[in-house]
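The structure appears right after this line, and notes come after that.
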Amino acid sequence: MRGLKNKNAVVTGGSKGIGAAIVSRLIEEGVNVFSLSRSIHDKILGANYFKCDVSNEDDVINVINKISKICDNIDILVNNAGIEKYAKLGDTDTKTWQEIIDVNMNSIYIVSREVIKHMKTGSIVNISSVQANIVTRNAAAYVTSKHAIIGITKSIAVDYGPGIRCNAVLPGTIDTPLVDMAARLEVGDDPEKISKKKAEWGNLYPMKRIGRPEEVASAVAFLASDESSFITGSSIYVDGGLSVLAPVSTPDK
């Protein structure tokens with residue numbers, strides 16, 4: 001995509017799932033990628049990895065300062081790190097609530113604040129969720145954090161334009177380790193049952209399947225590139241049409 005080659009990007013949560021797909025796609029586009037995560041899984045050839053708890057202010061300041069000494073300008077930031085734990089509000093203890101808010105929401109504040117100091121011009125892409133629009137049961141903390149990401153996205157877009165653009169990507173159910181975990185909570189560890197459960201979820205979508213990490217990565221690459229040069233403060237849904245599907249369908253004619 002236009003305007004990505006030789007740019008410098010920071011990607012949080014870049015060692016697995018959607019984050020790993022984003023790292024791979026940006027590298028394919030010729031981007032110099034710095035991946036931040038608490039634990040490093042399979043390394044992608046060409047990426048620079050930093051162990052970092054993005055919800056820890058000292059960790060973030062230290063790592064971003066290191067990256068800023070390697071490159072003159074950080075051109076792209078993808079705030080992707082996230083966790084999900086399931087419970088109604090009344091069943092969510094304070095420790096769990098704070099952990100989800102810290103990783104999903106506060107990390108965006110901390111990382112963006114530090115990166116903006118080294119971003120003369122560029123693009124910030126925040127990974128939210130379709131659950132910033134439509135809400136499933138038993139996910140109060142997660143839903144709250146994903147709603148908040150839309151607010152900080154709009155604020156950054158307004159406060160730092162025209163030099164810095166900021167947008168959000170809202171994925172639906174994507175075939176990642178996080179979704180496998182969710183399936184296990186319902187059906188146990190049997191791979192066949194997990195696959196069947198994911199297919200069942202996919203049937204809820206107009207596209208009749210769940211998404212792939214690479215499809216989210218494509219949207220991120222677009223928003224990071226010059227192809228989206230007049231897009232800021234926006235939310236792009238990568239949800240197979242779920243968010244526009246009426247809860248009760250009329251019969252086909």
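Heavy atoms only: backbone and side chains are in, while hydrogens, waters and symmetry mates are out. All values derive from a computational prediction rather than experimental measurement.
Under a 3.5 Å cut-off, the side chain of Asp239 and the backbone N or O of Leu170 do not form any donor-acceptor pair. In terms of modelled atom types and a separation under 3.5 Å, the side chain of Thr92 and the main chain of Trp97 share no donor-acceptor contact. Ser195 places no side-chain N or O within donor-acceptor distance of the main-chain N or O of Pro191, the cut-off being under 3.5 Å. Between the Asp102 side chain and the Ser55 main chain, no donor and acceptor come within less than 3.5 Å of each other. Listed for the Ser128 side chain is a donor-acceptor partner under 3.5 Å among the backbone atoms of Lys146. Arg165 places no side-chain N or O within donor-acceptor distance of the main-chain N or O of Phe230, the cut-off being under 3.5 Å.
Linking Ile, Leu, Val, Met, Phe, Trp and Tyr whenever their side-chain heavy atoms come within less than 4.5 Å puts Val220 and Leu4 in one cluster.
Rounded to the nearest 0.5 Å, atoms CG (Leu204) and OG1 (Thr173) are 8.0 Å apart. The structure places CD1 of Ile61 at 10.5 Å from SG of Cys52, a figure rounded to the nearest 0.5 Å.
Annotation: salt bridge (charged side-chain N to carboxylate O under 4.0 Å, His left out) contacts of Asp58 (sequence neighbours excluded): none. Every residue was checked against the salt bridge (charged side-chain N to carboxylate O under 4.0 Å, His left out) condition with Lys51, not counting sequence neighbours, and none meets it. For Asp75, the side-chain contact (heavy atoms from CB on, under 4.5 Å) partners are Lys7, Asn8, Asn73, not counting sequence neighbours.
With side-chain heavy atoms closer than 4.5 Å counting as contact, directly or through intermediates, Met207 stands alone and belongs to no larger hydrophobic cluster.
Cation-pi geometry between Arg209 and Tyr205 is not met at under 6.0 angstrom from the ring centre and within 45 degrees of the axis.
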- Output, in order, the C-alpha distance, side-chain angles, deciding distance and verdict of side-chain hydrogen bond (donor to acceptor under 3.5 Å, both in side chains) for Ser229 and Asp226. CA-CA 5 Å; Ser229 56; Asp226 290 347; over 6 Å; no
- Query: Yes or no on side-chain hydrogen bond (donor to acceptor under 3.5 Å, both in side chains) for Thr153 and Asn126, after CA distance, side-chain angles and deciding distance?
  - Reply: CA-CA 7 Å; Thr153 297; Asn126 297 324; 2.9 Å; yes
- Is there a side-chain contact (heavy atoms from CB on, under 4.5 Å) between Tyr49 and Leu36 once you walk through the steps? CA-CA 6 Å; Tyr49 286 88; Leu36 280 52; over 6 Å; no
- Item | Test side-chain contact (heavy atoms from CB on, under 4.5 Å) applied to Val10 and Ile76, step by step | CA-CA 6 Å; Val10 171; Ile76 299 161; over 6 Å; no
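For Lys117, the NZ atom sits in a packed shell: over 12 heavy atoms of surrounding residues, nucleotides or ligands are nearer than 6.0 Å. When the shell of 6.0 Å around OH of Tyr160 is examined, it contains 12 or fewer heavy atoms from other residues, nucleotides or ligands. Within 6.0 Å of NZ on Lys5 lie no more than 12 heavy atoms contributed by other residues, nucleotides or ligands. Counting heavy atoms of neighbouring residues, nucleotides and ligands inside a 6.0 Å radius, atom CG of Asp159 exceeds 12 of them.
The residues Arg25 and Glu215 are annotated as not salt-bridged, no charged nitrogen and carboxylate oxygen being separated by less than 4.0 angstrom.
Sorted by first and then second residue, the salt bridge (Lys or Arg N to Asp or Glu O under 4.0 Å) pairs with a member in residues 188-200 read Asp175-Lys198, Asp180-Lys198, Arg184-Asp189, Glu186-Lys197, Lys197-Glu200; sequence neighbours excluded.
In this structure, a donor-acceptor pair under 3.5 Å is absent between the side chains of Ser35 and Asn48.
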Please set out all donor-acceptor pairs under 3.5 angstrom arising from side-chain atoms of residues 133-140, sequence neighbours excluded.
from, atom 1, to, atom 2, distance (Å)
Thr136, OG1, Gln131, OE1, 2.7
Thr136, OG1, Gln131, NE2, 3.3

